[in-house]
Number of protein chains: 2
Amino acid sequence: GWARAVRGLLLDVSGVLYDSGADGGVPIAGSAEAVRRIKASGLKLQLCTNETQATRENFVRKLRGLGFDVSVAEVTAPAPAACRLLRERGLRPHLLVHDDLLPEFAEVDKTNPNCVVLGDAAENFTYANLNEAFRVLIGMEKPVLISLGKGRYYKETDGLKLDVGAYMKALEYACDVQAEVVGKPSKSFFESALAELGVPPEQAIMIGDDIVSDVGGAQQCGMRALQVRTGKYRPSDENHPQVKPDAYVNNLAEAVDIILQHL
Amino acid sequence: GWARAVRGLLLDVSGVLYDSGADGGVPIAGSAEAVRRIKASGLKLQLCTNETQATRENFVRKLRGLGFDVSVAEVTAPAPAACRLLRERGLRPHLLVHDDLLPEFAEVDKTNPNCVVLGDAAENFTYANLNEAFRVLIGMEKPVLISLGKGRYYKETDGLKLDVGAYMKALEYACDVQAEVVGKPSKSFFESALAELGVPPEQAIMIGDDIVSDVGGAQQCGMRALQVRTGKYRPSDENHPQVKPDAYVNNLAEAVDIILQHL
């Protein structure tokens with residue numbers, strides 16, 4: 001019954017459309033065709049990603065190069081959401097993010113920082129950069145740490161990599177603070193994605209490879225959620241103590257097959 | 001009344017005897033003389049440190065160079081304790097530690113690792129090394145993470161630095177495991193230090209700059225504990241929600257003054 005009465009899909013990207021990697025990544029078999037079939041069916045589509053290693057423009061350019069028919073407007077990502085939050089609260093960030101994400105923060109006042117914004121900085125997660133972010137935070141009367149997602153790890157073509165959540169926990173512990181998460185699984189982030197999708201939660205399905213950030217987060221918002229057995233999926237996810245997806249599918253193509261059969 | 005009936009002292013080192021740093025560090029005023037006075041008084045003395053950036057031999061050589069009259073036998077440190085634990089449990093470590101600590105593990109079988117041992121690796125806390133330790137851990141059926149201390153940060157001559165505890169939290173979160181801590185504030189570590197001191201807990205005082213690892217840990221073992229206002233001490237420590245030292249002292253020299261007056 002999980003596939004009934006669907007009008008829109010939120011798709012995670014890394015591990016669902018493609019496996020990321022230093023080489024630009026490789027598409028997951030059948031996923032480009034699945035995106036085309038979703039669009040041809042009239043279902044609404046929005047990519048809901050915690051990707052913070054590139055601007056949305058460059059991210060979409062990469063995905064199009066891998067054969068995915070997607071546009072910038074179809075991507076909900078943490079950096080633009082963080083910029084809105086910084087503006088609303090008058091926050092000036094010290095950034096520990098990937099170099100390729102910096103243009104997203106070009107318009108933001110970064111002088112005399114009163115918060116730290118942490119993204120998936122990858123190679124920028126050096127000992128020196130982590131110490132610097134720590135010193136900025138611990139020097140604040142009331143440290144404010146904003147984390148673009150809180151993923152534990154992700155899979156690249158050359159193996160698993162620690163995600164931003166691990167570094168967030170390091171700074172949380174060192175400074176005795178709790179980070180504010182902008183990105184999945186935060187409820188407000190899913191609500192933004194649903195607003196851009198233009199479909200209420202009960203008519204939308206989230207499809208992702210992360211049992212907590214994708215499946216758990218979406219279900220908290222009243223959506224159905226599927227876990228694909230691609231990307232970082234591990235068989236032990238199926239025994240997760242808190243989160244149970246509405247269904248498992250082998251990959252995006254299989255999910256789309258089933259959903260289109262029920263339209 | 002806190003200074004009565006004392007027969008032995010456990011001293012933290014960094015932040016109490018000296019402030020560490022890439023330049024070898026600088027002694028804290030009055031501390032070398034305080035160590036001499038302790039020894040002349042007949043009180044027993046043991047250094048109880050979470051130092052894992054050097055072998056005990058090199059650590060003692062550095063301290064002697066800074067004017068401290070101490071010997072290797074007077075140092076209780078995590079690496080030898082970890083080696084005992086590895087031997088007892090047949091564990092073969094993947095090491096993420098400082099290069100200068102490696103000789104402590106020279107005799108340990110490191111082939112085909114079935115645990116990860118994490119120390120204060122400092123410059124070795126690279127993105128690549130953290131990912132490697134993570135991959136070794138996540139690849140185990142039941143990940144075993146051993147952390148040499150769990151300090152949040154420490155002070156070096158050029159500023160505050162993240163300590164091993166922050167990286168421990170990163171790996172704990174990424175792998176969904178709880179680390180076993182060898183070092184302060186673990187009870188068994190303090191008990192080893194007391195055994196080497198040769199004094200029962202109720203006749204010993206711990207003196208340190210870390211409100212949790214030094215003061216809280218020692219009190220859990222039935223010892224009195226003082227916090228010095230040197231090293232990483234911060235005024236906000238005096239409002240710590242869980243831990244309250246038996247007394248604050250401005251520095252080691254002041255503590256020793258008071259203790260010797262009560263002999």
Side-chain angles (χ1 to χ4, degrees), chain A residues 22 96 98 118 120-143 145 147 150-156 158-177 179 211-212 232 234-237 239-243, chain B residues 22 96 98 118 120-143 145 147 150-156 158-177 179 211-212 232 234-237 239-243:
Chain A
L96 177 45
H98 199 285
L118 193 68
D120 176 15
E123 303 286 349
N124 276 348
F125 280 133
T126 62
Y127 178 63
N129 285 349
L130 275 166
N131 276 328
E132 193 188 355
F134 159 66
R135 275 186 219 127
V136 170
L137 262 185
I138 199 88
M140 294 173 191
E141 199 179 339
K142 199 174 166 350
L145 174 60
S147 186
K150 61 169 190 177
R152 291 161 59 200
Y153 56 84
Y154 53 86
K155 189 183 168 192
E156 293 216 314
D158 62 344
L160 296 175
K161 301 278 170 76
L162 288 169
D163 198 358
V164 62
Y167 296 94
M168 175 192 87
K169 287 289 174 184
L171 291 178
E172 282 189 339
Y173 177 70
C175 300
D176 196 19
V177 293
I211 183 72
V212 171
K232 80 178 97 173
R234 306 172 83 223
S236 60
D237 291 343
N239 305 316
H240 193 282
Q242 275 92 46
V243 184
Chain B
L96 178 45
H98 198 287
L118 193 67
D120 175 15
E123 303 286 349
N124 275 349
F125 280 133
T126 63
Y127 179 62
N129 285 349
L130 274 165
N131 276 329
E132 193 188 355
F134 159 66
R135 274 186 220 126
V136 170
L137 262 185
I138 198 86
M140 294 173 192
E141 198 178 340
K142 199 175 167 350
L145 174 60
S147 187
K150 61 169 190 176
R152 292 160 60 200
Y153 55 85
Y154 54 86
K155 190 185 168 190
E156 294 216 313
D158 63 343
L160 296 176
K161 302 279 170 76
L162 288 169
D163 198 359
V164 61
Y167 296 94
M168 174 191 88
K169 288 290 173 182
L171 291 177
E172 282 189 339
Y173 177 69
C175 300
D176 196 18
V177 292
I211 183 71
V212 171
K232 81 178 96 174
R234 305 172 84 223
S236 61
D237 291 344
N239 306 314
H240 194 281
Q242 275 93 45
V243 183

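Here is the naming used below: chain letters follow the sequence lines, and residue numbers restart at 1 for every chain.
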Query - Closest non-hydrogen atom pair between A/R135 and B/L160, with its separation - result: NE-O, 2.7 Å
**Report entry** A/Y127 side chain reached by B/T126 side chain, heavy atoms, under 4.5 Å
**Finding:** no
**Report entry** salt bridge (Lys or Arg N to Asp or Glu O under 4.0 Å) against A/K232, all qualifying residues, sequence neighbours excluded
**Finding:** A/D210
Query raised in the report: Where on A/N124 is there a heavy atom nearer than 4.5 Å to chain B: the side chain, the backbone, both, or neither?
Result: neither
Report summary line: Minimal heavy-atom distance between A/A166 and B/A174, with the atoms involved, is CB-CB, 4.4 Å
Query raised in the report: chain A heavy atoms under 4.5 Å from B/F134: which part of the residue, side chain, backbone, both or neither?
Result: side chain
Query raised in the report: Taking every heavy-atom pair that is under 4.5 Å apart, which of A/K161, A/K169, A/R152 has the most such pairs with chain B?
Result: A/R152
Query raised in the report: Can you tell me how far the CD1 atom of A/I138 sits from the OG atom of B/S236, to the nearest 0.5 Å?
Result: 7.5 Å
Query raised in the report: Based on non-hydrogen pairs under 4.5 Å, which of A/G165, A/A122, A/G159 is most in contact with chain B?
Result: A/A122
Query raised in the report: Between A/M168, A/R234, A/E172, which shows the greatest number of heavy-atom pairs under 4.5 Å with chain B?
Result: A/R234
Query - Approximate separation, where rounding is to 0.5 Å, of A/Y173 OH and B/L162 CG - result: 11.5 Å
Report summary line: Under 4.5 Å to a heavy atom of chain A? For B/A121 that would be neither
